[in-house]
Novice: 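Okay, handing you the structure first.
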2 protein chains.
Amino acid sequence: MTTGRVAARRAATKDAILEAAWEIARSEGLGGVSMRPLAAALGMSAPSLYEYFAGKDAIYDAMYVQGNHALRERMQAITDLDRMSARESLVAGARAFVEFCNEDRARFQLLFQHSIPGWHPSEQAYAVAIENLELSRAHLESIGITHTRSLDLWTALVSGLASQQVANDPGGDRWLRLVEPAVDMFLSTEGGTK
Amino acid sequence: MTTGRVAARRAATKDAILEAAWEIARSEGLGGVSMRPLAAALGMSAPSLYEYFAGKDAIYDAMYVQGNHALRERMQAITDLDRMSARESLVAGARAFVEFCNEDRARFQLLFQHSIPGWHPSEQAYAVAIENLELSRAHLESIGITHTRSLDLWTALVSGLASQQVANDPGGDRWLRLVEPAVDMFLSTEGGTK
DNA sequence: GTCTATACTGTGATAGAC
DNA sequence: GTCTATCACAGTATAGAC
């Protein structure tokens with residue numbers, strides 16, 4: 001990697017494009033990102049965007065990676081997990097996840113609902129999402145929950161809370177408040193110890 | 001309502017359009033429904049579609065209503081609910097729902113993920129969905145679960161199972177098999193009786 | 001009433017001049 | 001690298017034949 005002045009400038013422009021794309025996605029909807037207005041927001045012409053991204057799908061792909069990186073940072077920020085009880089760490093993790101989803105509907109749709117017709121994350125982009133999933137698997141393992149069935153039930157429960165929250169009370173806390181009861185319910189049958 | 005021969009023919013054509021639209025949605029994806037190929041599949045020209053539907057959104061709207069009607073019929077078909085225990089009826093209801101979602105990804109996306117950019121169900125169409133929700137609320141009420149919190153937790157749990165199943169193991173049973181454990185988990189803290 | 005023909009606008013993407 | 005011009009396709013509107 002040379003990372004000279006040219007490459008740095010190029011990376012800065014790519015970041016600016018993605019930032020503008022997020023802004024449009026939040027105000028117009030995820031599917032409302034179109035190349036010409038996106039370019040106009042940056043004072044450039046639409047074809048110039050293709051100098052930085054191979055196409056619209058590549059832009060979604062980069063946004064997908066950014067979103068997953070943001071999620072990882074958020075989840076890692078609450079990792080005083082070692083000093084917490086199993087229940088406390090599950091509550092903290094689930095709450096952080098639901099809050100993350102609830103902050104930005106467009107981001108939630110891109111990351112978890114694959115809401116763009118015909119678009120799928122590339123293999124490398126998807127790998128970042130898998131890493132995140134692996135982190136939460138490791139978290140559950142650390143508190144003694146290792147069975148695939150238990151992990152699947154946990155992901156269903158947490159993703160269900162998040163999707164209901166985002167879809168039916170965006171920005172509110174109607175399902176966010178259910179994180180604690182949900183964790184207690186989950187632990188009551190998983191027999192969580194520690 | 002006259003419902004003469006003309007009106008009947010008209011209704012039959014509308015049904016044919018919707019059927020063709022479902023077929024395209026299942027093979028090309030929900031967002032892959034476009035007017036010209038849709039018309040071609042029926043041996044007509046694209047503008048002719050506008051004789052039957054105000055536009056593409058109106059077609060999605062009618063599909064949304066059809067999907068919700070299908071869901072209602074499915075859920076009502078298993079309503080020997082009175083003769084079941086609370087646990088049995090919850091298992092039957094949740095299993096029927098997850099199976100329904102798992103049968104047709106395009107239908108699931110249309111009904112529950114609002115996956116079409118810029119499209120929202122009309123008020124009348126949404127009312128049909130609300131009726132379905134009301135049916136399951138009544139079901140839970142009949143077995144003594146009345147609190148909003150409990151209902152919200154139930155919808156999160158069941159919709160989470162369905163979305164994980166559809167997204168990560170479409171057509172399979174990885175999360176479908178978790179319906180029974182999920183119901184037991186739910187009842188263990190709701191203290192379901194009867 | 002229902003169709004075909006045509007055209008307008010917006011989309012993602014490309015070619016080639018500078 | 002960035003532009004203008006352009007293409008193929010989308011949804012949609014209108015005109016008018018039958």
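Because the structure is a prediction, the values reported are computed rather than measured. Heavy atoms only: backbone and side chains are in, while hydrogens, waters and symmetry mates are out.
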Novice: Just distance, no hydrogens or angles: give the donor-acceptor pairs under 3.5 Å from side chains in residues 96-112 of chain A, sequence neighbours left out.
Specialist:
unit_1   : atom_1 : unit_2   : atom_2 : d
A:Asn102 : OD1    : A:Gly171 : N      : 2.8
A:Asn102 : ND2    : A:Gly172 : O      : 2.9
A:Glu103 : OE1    : A:Arg74  : NH2    : 3.0
A:Glu103 : OE1    : A:Arg107 : NH2    : 3.1
A:Glu103 : OE2    : A:Arg74  : NH1    : 2.6
A:Glu103 : OE2    : A:Arg74  : NH2    : 3.3
A:Asp104 : OD1    : A:Ala106 : N      : 3.1
A:Asp104 : OD1    : A:Arg107 : N      : 3.1
A:Asp104 : OD2    : A:Arg26  : NH1    : 2.9
A:Arg107 : NH2    : A:Phe100 : O      : 2.9

Novice: Without decimals, in angstroms, what is the distance between B:Leu42 CG and C:dT4 P?
Specialist: 12 Å
Novice: Tell me: CD1 of A:Ile24 to P of C:dT11, nearest whole Å?
Specialist: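 One finds 11 Å between P of C:dT11 and CD1 of A:Ile24, rounded.
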Novice: Can you find a side chain N or O atom of A:Ser48 that sits less than 4.0 Å from OP1 or OP2 on D:dC3?
Specialist: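 Indeed, a polar side-chain atom of A:Ser48 lies that close.
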Novice: Is any side-chain heavy atom of B:Pro117 closer than 4.5 Å to one of A:Leu30?
Specialist: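 When only atoms from C-beta onward are counted, B:Pro117 and A:Leu30 do not touch, as no gap falls below 4.5 Å.
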Novice: Output all residues satisfying side-chain hydrogen bond (donor to acceptor under 3.5 Å, both in side chains) with A:Ser136, sequence neighbours left out; order by chain, then residue number.
Specialist: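 Partners of A:Ser136 by the side-chain hydrogen bond (donor to acceptor under 3.5 Å, both in side chains) criterion come out as none, since no residue qualifies.
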Novice: Summarise how protein sits on nucleotides 5-18 of chain D as a single string, 5' to 3': B when a protein heavy atom is under 4.0 Å from the base, S for sugar-phosphate-only contact, - for no contact.
Specialist: B----BBBBB----
Novice: What's the CD1-C1' distance between A:Ile116 and C:dG12, to the nearest Å?
Specialist: 14 Å
Novice: Between D:dT2 atom P and A:Arg9 atom CZ, what is the distance in whole Å?
Specialist: 8 Å
Novice: For B:Arg149, what residues pass the side-chain hydrogen bond (donor to acceptor under 3.5 Å, both in side chains) criterion, not counting sequence neighbours?
Specialist: none
Novice: Need one value for B:Tyr52: base, sugar-phosphate or nothing, where a base atom within 4.0 Å counts as base even if backbone is also close, heavy atoms only.
Specialist: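 Sugar-phosphate, no base atom in range.
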Novice: Only Watson-Crick and G-U wobble pairs with both distances less than 3.5 Å should count. Give DNA chain C in dot-bracket notation, marking inter-strand partners with |.
Specialist: ||||||||.|||||||||
Novice: Treating Ile, Leu, Val, Met, Phe, Trp and Tyr as nodes and any side-chain heavy-atom pair under 4.5 angstrom as an edge, say whether A:Tyr126 and A:Val128 lie in one connected cluster.
Specialist: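 As far as the 4.5 Å side-chain criterion goes, A:Val128 and A:Tyr126 are not connected within one cluster.
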Novice: Could you tell me which residues satisfy side-chain hydrogen bond (donor to acceptor under 3.5 Å, both in side chains) with B:Ser48, sequence neighbours excluded, listed by chain and number?
Specialist: none
Novice: Is it true that A:Leu176 and A:Val158 fall in one hydrophobic cluster, defined by side-chain heavy atoms closer than 4.5 Å?
Specialist: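 Cluster IDs for A:Leu176 and A:Val158 match.
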Novice: Give a yes or no on whether B:Glu131 atom CD has more than 12 heavy-atom contacts from other residues, nucleotides or ligands under 6.0 Å away.
Specialist: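 Check passes, neighbour count above 12.
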Novice: Rounded off to whole Å, could you give me the CZ-to-C1' distance for the A:Phe53 and C:dT14 pair?
Specialist: 19 Å
